[in-house]
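For the numbers below, each heavy atom of this structure counts, side chains included, while hydrogens, waters and symmetry mates do not.
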Amino acid sequence: MAIVAGIDSSTTRTRIVACDAETGAVLRDGRAPHPLPEGADARTTETDPQNWLHSLGEAATGGLLEGVRAIGVSAQQHGLIGLDAGGVLVRPALLWNDPRSAGAAAALIDALGGPAPWVEAIGSVPLPTYTVAKLRWLAEFEPASAKRVAEVLLPHDWLVWQLLGRHSKRRTTDRGDASGTGYWSPLTGEYRQDLVKLALGHELRVPEVLAPAEPAGHTPEGLLISAGTGDNMAAALGLGLLPGDAVVSLGGNGTIFAVHDQAVIDTSGAISSYADATGRHLPMVGTLNAAQVLRSMAAMLGCDLAGLSELALQSSPGSFGLVLLPYLDGERTPRLPHAAGTLTGLRAESMAPQHLARAAVEGMLCNIADALDVLRAKGVAVRRVFLLGTVGRLPAVREIAPMVFGLPVVIPPAGAHAARGAARQAAWALAGTPEPPQWELPEATVHSPDQEHDLAVGRAVRQQYGTVREQVHPETKAD
């Protein structure tokens with residue numbers, strides 16, 4: 001039995017799984033937090049990349065990698081690791097969540113003439129998370145460091161380079177992670193050095209973009225290292241997504257993406273057109289409000305998330321006429337940056353904890369359903385939804401989501417999906433086959449709406465929500 005391993009280096013920790021290369025069964029796993037810089041907390045937005053190696057070594061203790069023949073690497077998408085001409089780190093790595101590049105992203109959009117030219121160039125409008133925005137910030141606020149930067153790696157690129165040995169002259173990446181830089185186009189498969197120069201003031205040495213099953217090389221010990229990819233792309237591979245499958249990840253924000261055979265062009269900028277780790281594409285939309293909507297309502301009602309779920313199931317579809325527009329922090333999809341949340345339908349009979357709880361669940365899910373519709377409007381098929389995150393496993397969300405989405409909802413088991421996806425990529429590179437190995441997703445449950453009753457109820461809930469949304473925010477009304 002061949003054994004492969006997948007490493008996922010997130011913002012705060014490293015997770016490693018060792019898997020059977022043929023079946024995908026997880027044989028061993030380990031995890032370790034990233035050491036934090038002195039005086040920093042878990043929300044830090046820059047760090048020494050060496051901390052990731054320390055965390056990796058700690059996670060791999062106890063013989064976890066014994067017998068492993070190939071390793072894949074997944075890491076937090078975006079970010080910036082600037083190296084000088086000699087391969088020496090210029091400054092601490094900037095992580096994806098560093099908010100200081102927000103103004104730089106806006107300046108870059110204006111510098112190219114607005115959102116449309118960016119969509120034509122790279123399939124997306126730069127966000128503060130994009131590497132190109134961080135380059136612009138560096139050029140403006142740390143010009144001495146910017147001048148020294150000769151090449152830029154993403155977190156997964158840097159880890160792969162370290163595994164190959166720092167003496168290695170080869171720098172590699174993959175389509176998925178490259179598509180989030182803001183200067184590699186999934187439309188053409190080429191780098192845009194003109195956009196690098198627009199942001200930084202000079203061109204960069206850029207990593208070689210590997211094909212999905214192409215190895216990056218071998219470690220000094222002879223272990224094969226696959227191309228690696230970003231965390232969302234690795235999660236899609238770990239879940240075994242195919243065209244027609246969409247993922248809804250309910251963190252503080254909502255991340256919604258689907259597998260598609262073609263790059264999606266959306267001049268409004270609502271859709272970010274990423275590549276995936278298999279040669280396909282991964283168009284993505286985001287919402288600013290997701291799990292925090294339920295947490296905020298639970299706090300207001302004096303309960304935890306489990307209590308909120310229990311209350312919501314005591315109400316009925318439509319929440320006795322209550323509708324919550326869950327724009328607590330403004331909203332990205334739909335574009336309402338200055339909006340606030342709105343609760344309507346208050347009557348004596350509706351002002352009860354169970355109806356408030358259900359209105360929060362329905363409002364959050366209707367907002368996600370609106371985001372799924374943005375993908376559908378661009379021809380992206382959505383026939384099945386994978387629901388990720390702790391909130392996605394709440395009984396109320398599991399019951400209400402299939403009705404609101406009007407689709408079967410798959411609840412995968414809690415696990416390291418990105419690390420498993422990295423391991424699957426390693427198995428693919430090891431096998432050298434045209435397609436990745438077929439790995440089953442054990443213990444996943446499927447919740448399907450009743451084809452008549454549940455679908456009708458879901459349409460009524462969405463119609464009630466949509467009517468209120470258009471009344472309060474008429475700019476969201478469809479033409």
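Side chain of R398 to backbone of R393: a donor-acceptor contact under 3.5 angstrom is found. Side chain of T131 to main chain of G79: a donor-acceptor pair is present (N/O by atom type, distance under 3.5 Å, no hydrogens or angles). Between the side chain of T45 and the backbone N or O of L95, no donor-acceptor pair lies under 3.5 Å. Under the 3.5 Å distance criterion, the side-chain polar atoms of N289 are matched with a main-chain donor or acceptor of L328. Between the side chain of R28 and the backbone N or O of A18 there is no donor-acceptor pair closer than 3.5 Å. Judged purely by atom type and a 3.5 angstrom limit, T287 uses its side chain to pair as donor or acceptor with the backbone of G254. Remark: side-chain polar atoms of S273 are not paired, donor with acceptor, to backbone N or O of I265 under 3.5 angstrom. Between the side chain of W118 and the backbone N or O of G269, no donor-acceptor pair lies under 3.5 Å. Checked by atom type and distance alone, the side chain of R175 pairs as donor or acceptor with a backbone atom of D276 at under 3.5 Å. The closest donor-acceptor contact from the side chain of S55 to the backbone of A32 lies under 3.5 Å.
For the pair I122 and L187, the minimum side-chain heavy-atom distance is 4.5 Å or more. You'll find the side chain of W161 stays beyond 4.5 Å of the side chain of I81, heavy atoms only. Residues R148 and S145 are not in side-chain contact: their nearest non-hydrogen atoms beyond the backbone lie 4.5 Å or more apart. Inter-residue side-chain proximity for V259 and L242 is flagged as unmet; no heavy-atom pair is nearer than 4.5 Å. Side-chain contact between L153 and P207: present, with at least one pair of heavy atoms (C-beta onward) separated by less than 4.5 Å. Looking at heavy atoms from C-beta onward, R69 lies out of side-chain contact with I3 at the 4.5 angstrom threshold. Inter-residue side-chain proximity for R15 and D29 is flagged as met; some heavy-atom pair is nearer than 4.5 Å. The closest side-chain heavy-atom distance from T173 to H156 is below 4.5 Å.
Smallest separation of non-hydrogen atoms from L294 and V397: CD1-CG2, 4.1 Å. Taking every heavy atom of both residues into account, A357 and L311 meet most closely at CB-CB, 3.7 Å. Residues G406 and P449 approach most closely at C-CG, 4.0 Å, considering heavy atoms. Closest of all the heavy-atom pairs between L27 and C19 is CD1-C, 4.0 Å. G286 and T333 get closest at one heavy-atom pair: O-OG1, 2.8 Å. Among all heavy-atom pairs drawn from M233 and Y274, the shortest one is CE-CB, 3.7 Å.
Between Q77 atom CD and T229 atom OG1 the span is 7.5 Å, to the nearest 0.5 Å. The CG atom of L250 sits 9.5 Å away from atom CG of L394, with the distance rounded to the nearest 0.5 Å. Note that CD of Q76 is 5.5 Å distant from CH2 of W52, once rounded to the nearest 0.5 Å. The CG atom of L407 sits 8.5 Å away from atom CG of L455, with the distance rounded to the nearest 0.5 Å. Taking OG1 from T181 and CZ from R192, the interatomic distance works out to 11.5 Å, rounded to the nearest 0.5 Å. The structure places OG1 of T255 at 6.5 Å from CE of M284, a figure rounded to the nearest 0.5 Å.
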(request) Test side-chain hydrogen bond (donor to acceptor under 3.5 Å, both in side chains) on T11 and W96 and set out the steps. (result) CA-CA 8 Å; T11 311; W96 68 274; 2.8 Å; yes
(request) Go through the steps for V293 and L324 under the test side-chain contact (heavy atoms from CB on, under 4.5 Å), then give the verdict. (result) CA-CA 10 Å; V293 176; L324 176 66; 3.9 Å; yes
(request) Show your reasoning for whether salt bridge (Lys or Arg N to Asp or Glu O under 4.0 Å) applies to E142 and R100. (result) CA-CA 12 Å; E142 297 183 9; R100 293 174 291 181; 5.1 Å; no
(request) Walk me through it: do Y191 and V209 pass the test side-chain contact (heavy atoms from CB on, under 4.5 Å)? (result) CA-CA 9 Å; Y191 281 107; V209 181; 3.6 Å; yes
(message) Quick one, D174 with Q425, criterion side-chain hydrogen bond (donor to acceptor under 3.5 Å, both in side chains). Give me CA distance, side-chain angles, the key distance, then yes/no.
(response) CA-CA 11 Å; D174 88 303; Q425 186 194 63; 4.9 Å; no
(request) Test side-chain contact (heavy atoms from CB on, under 4.5 Å) on Y183 and Q193 and set out the steps. (result) CA-CA 7 Å; Y183 49 82; Q193 287 282 5; over 6 Å; no
(request) Report the C-alpha distance between S268 and D266 in whole Å, list the side-chain angles of each, state the deciding distance to 0.1 Å, and finish with yes or no for side-chain hydrogen bond (donor to acceptor under 3.5 Å, both in side chains). (result) CA-CA 5 Å; S268 75; D266 175 30; 2.9 Å; yes
(message) Walk me through whether W137 and D98 qualify under side-chain contact (heavy atoms from CB on, under 4.5 Å).
(response) CA-CA 11 Å; W137 177 86; D98 193 315; 5.9 Å; no
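Atom CD of E151 sits in a crowded spot, with more than 12 heavy atoms from other residues, nucleotides or ligands closer than 6.0 Å. Counted within 6.0 Å of CZ on R170, heavy atoms from surrounding residues, nucleotides or ligands total more than 12; the atom is thus considered enclosed. The number of heavy-atom neighbours closer than 6.0 Å to CD of Q50, taken from other residues, nucleotides and ligands shown, is above 12. E214 CD: more than 12 foreign heavy atoms inside a 6.0 Å radius.
Of the candidates N51, T14, D48, T47, T14 is the only one forming a side chain to side chain donor-acceptor pair (under 3.5 Å) with H34.
Under the side chain to side chain donor-acceptor pair (under 3.5 Å) criterion, R280 pairs with D261, sequence neighbours left out.
A salt bridge does not link R420 with D8: none of the charged nitrogens is closer than 4.0 Å to a carboxylate oxygen.
Applying the side-chain hydrogen bond (donor to acceptor under 3.5 Å, both in side chains) rule to pairs touching residues 244-254 yields D245-R384, sequence neighbours excluded.
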